[in-house]
Protein chains: 2
Amino acid sequence: MPKIVNHDERKNTIAEAMWRVILDKGMEGATVRNIAEEAGLSLGALRYYFKTQDDLLVYAMDLVRERAKKRIEKILLQSLSPKELVIAMILEIVPVNTDTRIEMEVWFAFIAYVKHRSDTIDVPDDQILEMTERLLGFLQDQQLLKSTCQMEMEIERLYGLIDGIAIHAVLNPERLDSERIRKTIIYHIDSICR
Amino acid sequence: MPKIVNHDERKNTIAEAMWRVILDKGMEGATVRNIAEEAGLSLGALRYYFKTQDDLLVYAMDLVRERAKKRIEKILLQSLSPKELVIAMILEIVPVNTDTRIEMEVWFAFIAYVKHRSDTIDVPDDQILEMTERLLGFLQDQQLLKSTCQMEMEIERLYGLIDGIAIHAVLNPERLDSERIRKTIIYHIDSICR
DNA sequence: TCCTAATTAGCACAGCTGTATTAAAACGAA
DNA sequence: TTCGTTTTAATACAGCTGTGCTAATTAGGA
């Protein structure tokens with residue numbers, strides 16, 4: 001009879017410990033021993049929850065996506081004007097606070113690592129591109145886009161801008177603080193809307 | 001009496017071998033043994049040219065910057081209109097061909113790695129931000145910028161766009177090919193110029 | 001209480017890591 | 001040639017890596 005207890009919550013705890021290790025020591029520092037220590041567990045205990053290190057890796061990656069997804073879904077519950085909604089969604093992706101910055105930094109580390117292991121670990125598809133397409137399509141449906149806008153180019157531009165700002169916020173948070181990010185995003189959205 | 005021979009060229013050869021290893025196996029695969037094998041040298045030989053692995057790392061990073069710098073300086077020798085010049089410079093940074101893609105990918109790997117070793121290796125400053133500032137300042141001096149443009153925001157936006165597109169070109173080159181990059185950059189520059 | 005399964009801790013092992021050391025080879029100048 | 005320096009090769013070593021294995025501990029149901 002399995003203990004109904006916090007098996008899954010424990011897995012999340014370990015995954016979050018992995019995040020913290022990656023944040024602190026980078027991907028090369030994300031060893032099972034470091035992660036176990038950060039999580040306050042023994043090697044054997046960690047190995048009980050995750051058979052191999054790769055199992056932990058994909059679990060930790062999925063957790064990032066799940067958390068981000070939940071945060072974004074929350075925005076839909078608010079009542080916002082179309083433009084406000086678009087801006088709010090983008091600001092939930094780009095690192096404007098500690099949570100989002102951690103997730104984004106860890107995500108980049110994952111992606112860069114997994115890229116060279118695509119034979120054994122399948123690279124998760126980028127949801128940001130999809131979201132960008134949807135947001136711009138939404139603005140167009142609402143007749144908010146300037147007539148001079150070319151959809152295909154606008155998608156590429158906003159998509160690049162989001163990840164570019166995300167990178168800069170991760171690598172240089174003191175230069176590109178949250179207020180500056182916010183202003184830039186709003187500036188861009190304003191520039192493509194009537 | 002030192003042999004005048006290809007000591008420095010050999011160092012470049014090794015550094016480029018390191019690039020190839022990083023490209024193929026990622027930063028975790030960039031061990032001295034892998035690099036030595038890729039360069040066709042023994043461990044001892046490699047160690048003769050670079051006392052420690054960190055020495056090789058900073059040398060290989062500097063080589064990336066040096067190569068990029070030279071390529072950009074070449075553009076100044078051409079006779080281009082202001083707008084053409086700006087676009088040409090941006091396209092020399094962003095990965096539109098094999099050389100630039102290799103450099104950009106390796107550069108990102110370096111930056112991500114060095115970030116967690118800032119105590120022992122000093123993180124090189126970002127020249128792209130400087131260049132972006134200069135390019136936009138140049139456009140303004142030439143009276144080419146639209147009056148609605150806010151300089152500070154335009155810098156942040158172009159800077160983000162450049163690195164964002166660079167990331168996307170590195171991670172997904174078959175989707176974001178060179179033609180698409182070119183079109184996007186030109187589209188953006190056109191959008192901020194009269 | 002006892003019993004069984006879940007959970008934990010610890011150790012062992014083979015492999016890879018960076019680097020130090022040492023000797024051998026190659027080579028240019030006398 | 002012979003010498004002295006540059007260059008190469010090979011090995012050794014301590015430390016860390018992921019993971020397999022085994023025994024100890026815990027805890028919940030009978």
Side-chain angles (χ1 to χ4, degrees), chain A residues 1-22 24-61 109-110 112-114 116-117 119-121, chain B residues 1-22 24-61 109-110 112-114 116-117 119-121:
Chain A
M1 193 110 332
K3 272 174 63 178
I4 314 292
V5 282
N6 34 18
H7 191 103
D8 279 1
E9 276 111 28
R10 189 67 73 90
K11 290 183 90 168
N12 287 4
T13 303
I14 296 174
E16 284 167 31
M18 184 178 193
W19 295 359
R20 289 194 299 276
V21 174
I22 291 175
D24 188 37
K25 303 194 208 307
M27 209 58 187
E28 10 279 318
T31 69
V32 282
R33 282 169 180 82
N34 284 346
I35 296 168
E37 188 188 16
E38 175 69 33
L41 294 172
S42 71
L43 242 71
L46 190 148
R47 204 165 150 26
Y48 173 77
Y49 292 100
F50 295 100
K51 274 226 165 333
T52 72
Q53 179 159 267
D54 283 353
D55 288 345
L56 169 53
L57 180 71
V58 304
Y59 189 94
M61 285 194 78
F110 280 149
Y113 175 77
V114 160
H116 301 279
R117 301 210 34 199
D119 46 333
T120 41
I121 303 178
Chain B
M1 193 118 321
K3 272 173 64 178
I4 314 294
V5 282
N6 33 19
H7 191 104
D8 279 1
E9 277 111 28
R10 189 66 74 92
K11 291 182 90 166
N12 286 4
T13 303
I14 296 174
E16 285 167 30
M18 183 179 194
W19 294 0
R20 289 194 299 276
V21 174
I22 291 175
D24 187 38
K25 302 195 207 312
M27 210 58 187
E28 10 280 319
T31 69
V32 281
R33 282 170 180 81
N34 284 346
I35 296 168
E37 189 188 15
E38 174 68 33
L41 293 172
S42 72
L43 240 72
L46 190 148
R47 205 168 151 22
Y48 172 77
Y49 291 99
F50 296 100
K51 274 226 163 337
T52 74
Q53 180 159 263
D54 283 352
D55 287 346
L56 169 53
L57 180 72
V58 305
Y59 188 92
M61 287 194 76
F110 280 148
Y113 175 78
V114 160
H116 302 279
R117 302 208 36 197
D119 45 333
T120 41
I121 301 179

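Chain letters run A, B, ... following the sequence lines, proteins first and then strands; every chain starts at 1. Side chains are part of it too, since the values below use all heavy atoms of this structure and drop only hydrogens, waters and symmetry mates.
- For Y49(B), a side-chain nitrogen or oxygen approaches OP1 or OP2 of dT8(D) to under 4.0 Å.
- Y48(B) has no side-chain polar atom (N or O) that falls below the 4.0 Å cut-off from OP1 or OP2 of dT8(D).
- Rounded to whole Å, atom C1' of dT19(D) lies 12 Å from atom CG of D55(A).
- Per the geometry, CG belonging to L46(A) stands 17 Å off C1' belonging to dC11(C), to the nearest Å.
- Taking a 6.0 Å sphere around CD of E37(B), one finds it holds 12 or fewer heavy atoms contributed by other residues, nucleotides or ligands.
- Between K11(B) atom NZ and dT8(D) atom P the separation is 13 Å, expressed in whole Å.
- Following rounding to the nearest Å, L41(A) (CG) and dA6(C) (C1') show an atom-to-atom distance of 15 Å.
- Atom CG in L57(B) sits 10.5 Å away from atom CZ in F50(B) (nearest 0.5 Å).
- Note: T31(A) OG1 to Q53(A) CD = 7.5 Å, rounded to the nearest 0.5 Å.
- The CG atom of N12(B) lies 8.0 Å from the CH2 atom of W19(B); values are rounded to the nearest 0.5 Å.
- The salt bridge (charged side-chain N to carboxylate O under 4.0 Å, His left out) search around D55(A) returns none, not counting sequence neighbours.
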Nucleotide N/O to protein N/O under 3.5 Å, stretch nucleotides 16-19 of chain C:
from, atom 1, to, atom 2, distance (Å)
dG18(C), OP1, V32(B), N, 3.3
dG18(C), OP1, Q53(B), OE1, 2.4
dG18(C), OP1, Q53(B), NE2, 3.0
dG18(C), OP2, V32(B), N, 3.0
dG18(C), N7, R33(B), NH1, 2.8
dG18(C), O6, R33(B), NH2, 3.0
dT19(C), OP2, Q53(B), N, 2.7

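- When each of L41(A), L43(A), L46(A) is paired with I35(A), the side chain to side chain contact (heavy atoms under 4.5 Å, CB included) condition holds for L46(A) and for no other.
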